[in-house]
Amino acid sequence: MNECLFLTYDNISADDAVIIADALRLNTKLKSIDLSHNHINKKGAFALANIFQQLHPTITHINLIDNNIDYESQITIRSQCHNIVYITFA
């Protein structure tokens, strides 16, 4: 079974990221998510962080490179995601 989700360069918007975050609540198999090179921005990133701050049982890696997430938001998201071993913004 695949433990990684790769959605790079898929034109994912902030609203799409909110939908993805909601779906992740039910997933207990994924360990890694690559959402790099999309259009998630601050709104979508915070929706994802909300899931991860609840100590998601399996996800330990997330890639958000090139998603127009400002530095202050990156710091806040990192501080909320205690169980994420690797979170990448740049």
Side-chain angles (χ1 to χ4, degrees):
M1 176 161 279
N2 195 349
E3 297 174 340
C4 301
L5 177 64
F6 295 97
L7 296 172
T8 60
Y9 294 99
D10 283 330
N11 287 321
I12 295 171
S13 69
D15 292 334
D16 296 331
V18 171
I19 293 167
I20 291 168
D22 191 48
L24 289 174
R25 290 180 199 277
L26 304 175
N27 188 299
T28 58
K29 303 292 183 199
L30 285 176
K31 292 185 179 182
S32 177
I33 302 170
D34 188 341
L35 295 166
S36 60
H37 309 285
N38 283 292
H39 308 284
I40 290 173
N41 72 36
K42 181 171 148 177
K43 175 186 172 186
F46 275 104
L48 291 164
N50 186 40
I51 298 302
F52 303 134
Q53 81 180 40
Q54 298 170 19
L55 295 177
H56 192 280
T58 58
I59 296 173
T60 59
H61 295 71
I62 184 165
N63 183 345
L64 293 170
I65 289 175
D66 190 25
N67 272 290
N68 298 320
I69 302 166
D70 63 86
Y71 184 72
E72 284 185 25
S73 297
Q74 291 175 24
I75 298 298
T76 302
I77 290 165
R78 281 185 202 276
S79 70
Q80 292 176 349
C81 299
H82 304 290
N83 64 318
I84 303 295
V85 177
Y86 295 102
I87 184 166
T88 310
F89 293 100

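Just so it is clear, the structure is predicted and the values come from calculations on it, not from any experiment. Only this structure's heavy atoms are used, side chains among them; waters, hydrogens and symmetry mates stay out.
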[X] [atom1] to [Y] [atom2] distance, which is reported to the nearest 0.5 Å:
{"X": "Leu48", "Y": "Cys81", "atom1": "CG", "atom2": "SG", "value": "8.5 Å"}
{"X": "Asn41", "Y": "Leu64", "atom1": "CG", "atom2": "CG", "value": "11.0 Å"}
{"X": "Thr76", "Y": "Ile69", "atom1": "OG1", "atom2": "CD1", "value": "11.5 Å"}
{"X": "Ile51", "Y": "Asp22", "atom1": "CD1", "atom2": "CG", "value": "6.5 Å"}
{"X": "Thr8", "Y": "Ile12", "atom1": "OG1", "atom2": "CD1", "value": "8.5 Å"}
{"X": "His61", "Y": "Thr88", "atom1": "NE2", "atom2": "OG1", "value": "8.5 Å"}

Can you find a pair of side-chain heavy atoms, one from [X] and one from [Y], that are under 4.5 Å apart?
{"X": "Ser36", "Y": "Asp66", "answer": "no"}
{"X": "Ile62", "Y": "Phe52", "answer": "yes"}
{"X": "Asn67", "Y": "Phe89", "answer": "no"}
{"X": "Thr58", "Y": "Lys29", "answer": "no"}
{"X": "Leu24", "Y": "Leu30", "answer": "yes"}

If you link I, L, V, M, F, W and Y whenever their side-chain heavy atoms are under 4.5 Å apart, who else ends up in the same group as Ile65?
-> none
Cluster overlap Ile20 with Val18, hydrophobic side-chain contacts below 4.5 Å | no
Connected via hydrophobic side-chain network under 4.5 Å: Ile40 and Leu5 |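 Same hydrophobic cluster.
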Taking Asp70 for the side chain and Lys42 for the main chain, is one N or O donor matched with an acceptor at less than 3.5 Å?
-> no
For Ser32, does its backbone N or O pair with a side-chain atom of Glu3 as donor and acceptor, under 3.5 Å?
->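 It does not hold such a pair.
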With sequence neighbours excluded, residues passing side chain to side chain donor-acceptor pair (under 3.5 Å) with Asn50 =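 Applying side chain to side chain donor-acceptor pair (under 3.5 Å) to Asn50 gives none.
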Tell me, with the steps shown, if Asn63 and Ile33 meet side-chain contact (heavy atoms from CB on, under 4.5 Å).
-> CA-CA 6 Å; Asn63 183 345; Ile33 302 170; over 6 Å; no
Residues Ala21 and Ala47: closest non-hydrogen pair is CB-O, 3.6 Å
Shortest non-hydrogen contact from Ala17 toward Gly44 =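 Between these two residues, the closest heavy atoms are CB-CA, 3.7 Å.
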Looking just at side-chain N and O atoms, do Ser13 and Asp15 make a donor-acceptor pair shorter than 3.5 Å?
->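 There is no such pair between these side chains.
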Between Asn11 and His39, does any side-chain donor sit less than 3.5 Å from a side-chain acceptor?
-> yes
Mind jotting down which residue pairs meet the salt bridge (charged side-chain N to carboxylate O under 4.0 Å, His left out) criterion with at least one end in residues 76-90? Sequence neighbours excluded, please.
->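 Qualifying pairs, neighbours excluded: none.
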Audit row: Phe46, Ile77, side-chain contact (heavy atoms from CB on, under 4.5 Å) steps and yes/no = CA-CA 7 Å; Phe46 275 104; Ile77 290 165; 3.9 Å; yes
What residue among Asn68, Asp10, Asp16 forms side chain to side chain contact (heavy atoms under 4.5 Å, CB included) with Asn38?
->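 For Asn38, the side chain to side chain contact (heavy atoms under 4.5 Å, CB included) check succeeds only for Asp10.
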